[in-house]
Trainee: 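This is the structure I want to talk about, given as C-alpha cells.
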Amino acid sequence: MVVYSPDLLFIEMTKACDYSCLHCRASSIRFPSRTDLGMKDINEIISSIGKLSELTGRPPHVILTGGDPLMSPSFRDTVSALHDSSVGFSVSPAVTEKLNTDMLSFLMDKGMNSMSISLDGQPEIHDEIRKCNGLFRETLFSMSTIKDFGIKLQINSTVMRRNLMDFPFILKILREYQIRTWEVFFLIGTGRGKGEKPILNIESEDFLKYLLHVEASGTAVRTVEAPEYRRIKQMAMEGATMTGGGIFRELIKRSEEINVTGLLRSQIFPTNGRKIRTAFVSSNGDVSVSGLFNLKLGNIREDPLQNVLENNEILMNIESGDMFHGKCGRCRYRKICGGSRARAFAEKNDYLESDSLCAYSPEINEDVIAA
Ligand code: SF4
C-alpha cells in the first residue's frame with residue numbers, strides 16, 4: 001500500500017468572504033453555503049488524520065482557510081475539535097472585524113500554532129486587488145495586534161504582473177514588523193485568478209533569484225506553485241551565478257532605495273531542503289493536492305480522506321516524476337523541482353505537462369553546464 005502523507009492539510013471551511021479579491025482562487029462568495037463543511041465532515045477528517053498518523057508516523061499540520069474561515073458557522077467548533085484531538089493547526093483569515101482580540105484570545109487558548117494574512121503590495125495596489133479602500137491600513141493594524149498577542153505571523157503575497165515590482169516594499173514591511181516567514185504564491189489561472197496576468201518565465205527566473213537573496217538575508221521564503229525555486233537553490237549549491245537580469249537588478253535597486261539593504265551581501269544561500277507535500281479539502285468535501293490545483297482526487301463525503309490518499313495513481317505519478325511530459329520529463333531537476341502540476345493542469349488540462357513558468361531549458365542549459 002502506498003500512502004500519500006501530506007505535511008500540510010488545508011481545510012477550506014467556506015468560500016464565504018467579505019472581499020472579492022481579483023486573484024481569489026476560491027472565487028469567494030458573500031455568504032456561507034449550506035453545503036460547507038460541518039462538524040460531521042470535520043470529525044471524519046480528524047479521524048482520517050489519526051489513521052494517517054498511525055500509518056506514516058507523521059500527522060499533517062492543519063491550515064484552516066477559506067474564503068474567510070472565520071465566516072464558517074463551524075469555525076469555533078472545528079478549532080475546539082482540533083485542540084481536543086491534539087491536531088496542530090494554523091489559521092489563514094481575512095482582515096475583517098471578526099479578526100478581533102476575542103477571536104485571537106480564543107485561538108491562543110486552543111493552541112493555534114501560527115496565523116497567516118495577505119499583503120500584496122503598496123496601499124493602492126493592495127486595496128485595488130481587494131476592491132476595498134483603506135484595507136492596507138487595516139492589515140497593518142491587524143499585524144500589530146496579532147504580534148502583540150505573541151502569535152507567530154506569516155505574510156502571504158501573490159506575485160503577478162501588476163505587483164511584481166512592489167515586492168521590495170512588501171519586504172520592507174516584513175522587516176519593520178519582524179516577520180520571519182514569507183509565503184509567495186505564483187498566480188495560477190484558476191478561480192478569479194483567470195482574469196489576472198501572471199509574470200513571464202524570464203521575469204520569474206530573476207524574481208526567484210531575488211527571493212534567494214531575501215532568504216539568505218534572514219527572511220524564510222516559501223514559494224507556492226513555483227517549485228523552480230528548489231531548482232534555483234540547487235543551482236546555487238552547484239556554483240551557478242545568482243545575479244540575474246534586468247528585473248533582478250531593478251528589484252535590488254528598488255530595495256536599496258527604500259533602505260532594504262544587505263541583499264547582495266548575502267552569499268551563503270539556503271539549501272533546497274525537502275519538498276512540502278500538501279493536500280486540500282474544499283468546502284464541498286472535494287480533495288485535491290492544493291487549492292490551486294483543481295484536479296479532484298475524491299470526496300470525503302463519499303470516501304474517508306485516508307482512503308482517497310491511498311494507492312492514488314495521480315499522487316504516485318506526481319511523486320515519482322517519471323511520467324512527466326515535455327521538458328519537465330527530460331529535466332535533471334525533475335525530482336527536486338518537478339514543475340507546478342497545478343499550472344500544467346490549469347493551462348493544458350494535463351497535470352503531467354511541463355510548467356510554463358519555468359525558463360530553464362534542459363537541452364540549452366545543460367549544454368552550457370557541460371561546456
Ligand atoms: S523543466 Fe520542469 S522540472 Fe526542470 S526546472 Fe523547469 S519546471 Fe522544474
Side-chain angles (χ1 to χ4, degrees), residues 4 7 25 158-161 164 183-190 193 197-215 221-245 247-248 269-278 288-295 313-371:
Y4 178 84
D7 301 290
R25 56 123 208 110
T158 298
V159 62
M160 43 201 173
R161 298 268 8 228
L164 171 61
E183 188 146 315
V184 181
F185 290 68
F186 286 64
L187 187 78
I188 299 279
T190 187
K197 287 198 173 72
I199 59 173
L200 305 174
N201 61 9
I202 198 76
E203 294 168 333
S204 172
E205 198 76 2
D206 272 7
F207 180 55
L208 288 168
K209 287 178 182 169
Y210 175 76
L211 292 180
L212 187 67
H213 286 268
V214 169
E215 190 162 9
V221 173
R222 288 208 291 265
T223 61
V224 178
E225 302 309 344
E228 295 85 355
Y229 189 44
R230 294 166 56 77
R231 185 252 304 159
I232 293 270
K233 287 179 166 183
Q234 180 66 27
M235 290 170 79
M237 286 161 60
E238 291 166 1
T241 173
M242 283 296 128
T243 49
I247 296 290
F248 174 84
F269 295 122
T271 58
N272 58 34
R274 72 177 181 87
K275 276 187 189 169
I276 306 277
R277 291 184 180 80
T278 62
S288 55
V289 174
S290 87
L292 292 157
F293 188 2
N294 288 330
L295 180 58
E313 195 184 337
I314 294 169
L315 294 171
M316 287 192 273
N317 286 342
I318 291 171
E319 286 287 282
S320 80
D322 294 336
M323 303 286 284
F324 291 165
H325 308 155
K327 67 176 182 175
C328 286
R330 301 190 300 277
C331 178
R332 72 191 181 101
Y333 294 110
R334 72 178 189 283
K335 301 276 181 191
I336 294 169
C337 164
S340 165
R341 300 298 104 211
R343 188 170 292 104
F345 186 67
E347 292 178 0
K348 297 166 188 157
N349 202 29
D350 179 355
Y351 73 96
L352 296 170
E353 259 297 347
S354 20
D355 179 354
S356 66
L357 186 77
C358 181
Y360 184 79
S361 163
E363 288 76 16
I364 295 169
N365 295 79
E366 285 169 24
D367 279 355
V368 171
I369 290 164

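Ligands are counted one by one from 1 in listed order, and the atoms in each one are counted from 1 as well. The first residue in the sequence is number 1, and the count goes up from there.
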Trainee: Once ring pair (Phe, Tyr, Trp, His ring centres under 6.0 Å) is applied, do any residues pair with Phe185, and if so which ones, sequence neighbours excluded?
Mentor: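 With sequence neighbours excluded, Phe185 shows a ring pair (Phe, Tyr, Trp, His ring centres under 6.0 Å) to no residue whatsoever.
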Trainee: Of Thr190, Leu187, Ile188, which is the lone residue that meets side chain to side chain contact (heavy atoms under 4.5 Å, CB included) with Arg343?
Mentor: Ile188
Trainee: So, using salt bridge (charged side-chain N to carboxylate O under 4.0 Å, His left out) as the criterion, who are the partners of Glu353 when residues are at least two apart?
Mentor: none
Trainee: Could you list the residues that satisfy salt bridge (charged side-chain N to carboxylate O under 4.0 Å, His left out) with Lys335, not counting sequence neighbours?
Mentor: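 Lys335 satisfies salt bridge (charged side-chain N to carboxylate O under 4.0 Å, His left out) with Asp322 once adjacent residues are dropped.
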Trainee: Can you tell which of Val224, Ile199, Leu292 makes a side chain to side chain contact (heavy atoms under 4.5 Å, CB included) with Phe186?
Mentor: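 Of all the options given, the one that passes is Ile199.
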Trainee: Around atom 6 (Fe) of ligand 1, how many protein N, O or S atoms are closer than 2.8 Å?
Mentor: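 Of the protein's nitrogen, oxygen and sulfur atoms, 1 lie under 2.8 Å from atom 6 (Fe) of ligand 1.
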Trainee: Of Glu228, Glu225, Glu347, which is the lone residue that meets side-chain hydrogen bond (donor to acceptor under 3.5 Å, both in side chains) with Ser340?
Mentor: Glu225
